Amino acid sequence: MAVTTFSDRALVLKRQQYGDFDLIVHLLTRGHGKITTIAKAAKKSVKRFGGTLEPFAELKVVWKGGKGMPILSEASLERTVEGIRTDLVKMAYASYWVEVLDRHLEPYHRQPESFTLLRLVLERLEAENRSVADLSVLFQMRFLMQAGLNPGLDQCRRCQRGVEALAENHFYFDTAQGGIVCSRCKPGAQGRMALSVTTIRQLMWIAQRPLAVAQRIRLSPQALLESERILEAFIAYHSNQAPRSLTFLRQLRCGQA
């Protein structure tokens, strides 16, 4: 089988040791989707890979595809991740975002929107001293839209009445129904979680604006608490189980409370 050489910009999702010196590197590329490569002798080759194959790093990569697993032949660092790797909270959030994408994206299925979203939140996480929770709400809401799992927030999922027509201050989020239910319909809702109309409006604003605008959102403490709770529960529901990184993130947040 002929060997073809590819090059692209990539974000490192995770890496695993393979044998004594090789690494299995999972990448999200801009033009080729999610790929899994092997970096041969990566633990010995300082010239080719020294300090580049770290989780969350942004790289320019070259790999060769043919029979078997693609071979990563070159990698140059485009963006450092020291600001993430040296902060336990940032590391926990970044690990959660990466695991969500790794679980849901199909290999070799080009999804530039997912690349752009992950690149943006990691870049902001690295460079800015802002609320990590804001970034996590942004990431989760936009990811759900991209995955076709956009939570129904505009109307009650049972009676189909619109939020504005209902004129209620609080609704309940039902993971099984895939969205909000009103106070009249809440009996029997599975795993219902309270959600204020203010939070609903802010989440819809994030969903409806271009990403460059939506990233400016600054949520109130109540909106952050409600949004993280319902979005994490919704993603875990569609993953069939909570991501391992989410379990750690929740433990970390409990320890800080």
Side-chain angles (χ1 to χ4, degrees), residues 10-18 23-28 34 36 51-59 79-105 107 114-115 117-147 149 151 173 175-176 190-191 193-195 199 203 206 215 217 219 221-257:
L11 298 163
V12 179
L13 300 179
K14 62 182 179 181
R15 70 179 201 177
Q16 303 161 277
Q17 186 167 329
Y18 186 75
L23 291 174
I24 303 296
V25 187
H26 302 258
L27 302 169
L28 177 60
K34 187 178 71 170
T36 300
T52 62
L53 303 180
E54 299 293 339
F56 324 127
E58 182 178 345
L59 312 173
R79 179 183 50 78
T80 181
V81 292
E82 286 305 308
I84 298 175
R85 293 178 58 210
T86 56
D87 186 308
L88 186 59
V89 174
K90 289 184 176 183
M91 176 84 80
Y93 273 98
S95 297
Y96 171 55
W97 303 337
V98 162
E99 185 177 354
V100 167
L101 287 179
D102 192 34
R103 282 188 175 207
H104 288 268
L105 297 183
S114 295
F115 177 89
L117 175 61
L118 182 60
R119 182 180 185 275
L120 183 143
V121 292
L122 289 176
E123 183 181 51
R124 296 292 183 269
L125 190 64
E126 168 70 28
E128 298 180 11
N129 185 22
R130 63 172 288 183
S131 167
V132 184
D134 274 327
L135 285 174
S136 195
V137 170
L138 171 69
F139 168 81
Q140 291 176 98
M141 193 66 193
R142 301 295 292 210
F143 157 74
L144 287 168
M145 292 170 55
Q146 293 173 6
L149 301 171
F173 192 85
T175 53
Q190 297 182 26
M193 295 164 280
L195 197 60
T199 300
L203 288 174
I206 292 173
Q215 67 170 309
I217 190 71
L219 298 164
Q222 180 185 0
L224 277 176
L225 182 64
E226 293 177 348
S227 298
E228 280 200 307
R229 183 169 63 242
I230 69 110
L231 292 174
E232 289 172 1
F234 196 46
I235 288 174
Y237 176 81
H238 283 284
S239 301
N240 297 319
Q241 62 179 1
R244 292 178 61 185
S245 53
L246 178 57
T247 301
F248 174 73
L249 176 59
R250 287 170 170 170
Q251 291 172 344
L252 188 62
R253 287 198 300 239
C254 287
Q256 293 181 326

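Keep in mind that this is a model prediction, so the values were computed, not measured. Positions are given from 1 along the sequence.
- Trp97 has its side chain within reach of Leu122: a pair of non-hydrogen atoms, C-beta onward, lies under 4.5 Å apart.
- With hydrogens and angles disregarded, no donor-acceptor distance shorter than 3.5 Å links the side chain of Gln16 to the backbone of Ile24.
- Proximity of a side-chain donor or acceptor of Arg142 to a complementary backbone N or O of Ile206 within less than 3.5 Å is detected.
- Gln140 is listed as a side-chain neighbour of Glu232, based on a closest heavy-atom distance under 4.5 Å.
- In terms of heavy atoms, Leu203 sits closest to Ser227 at CD2-OG, 3.6 Å.
- For the residue pair Asp87 and Gly83, the shortest heavy atom distance occurs at CB-O, 3.7 Å.
- Judged by distance alone, the side chain of Lys34 and the main-chain N or O of His26 form no donor-acceptor pair under 3.5 Å.
- Residues Ser239 and His104 have side chains that bring a donor and an acceptor to within less than 3.5 angstrom of each other.
- In summary, Glu58 and Arg119 engage in a salt bridge, as defined by a charged side-chain N under 4.0 Å from a carboxylate O.
- A pairwise comparison of heavy atoms in Leu23 and Gln17 identifies CD2-CA, 3.9 Å as the closest pair.
- With Phe56 as the fixed residue, the side-chain contact (heavy atoms from CB on, under 4.5 Å) test singles out one of Leu13, Val12, Val98: Val98.
- Contact detail for Ser136 and Glu228: the closest heavy-atom pair is CB-OE2, 4.0 Å.
- Checking side-chain atoms of Arg229 against main-chain N and O of Met193 turns up no donor-acceptor pair under 3.5 Å.
- The two atoms that bring Pro55 and Val81 nearest to each other are O-CG2, 4.0 Å, heavy atoms only.
- Formation of a donor-acceptor pair under 3.5 Å by the Glu99 side chain with backbone atoms of Pro243 is not found in this model.
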Step-by-step ring pair (Phe, Tyr, Trp, His ring centres under 6.0 Å) determination, Tyr93 to Phe139: CA-CA 10 Å; Tyr93 273 98; Phe139 168 81; over 10 Å; no
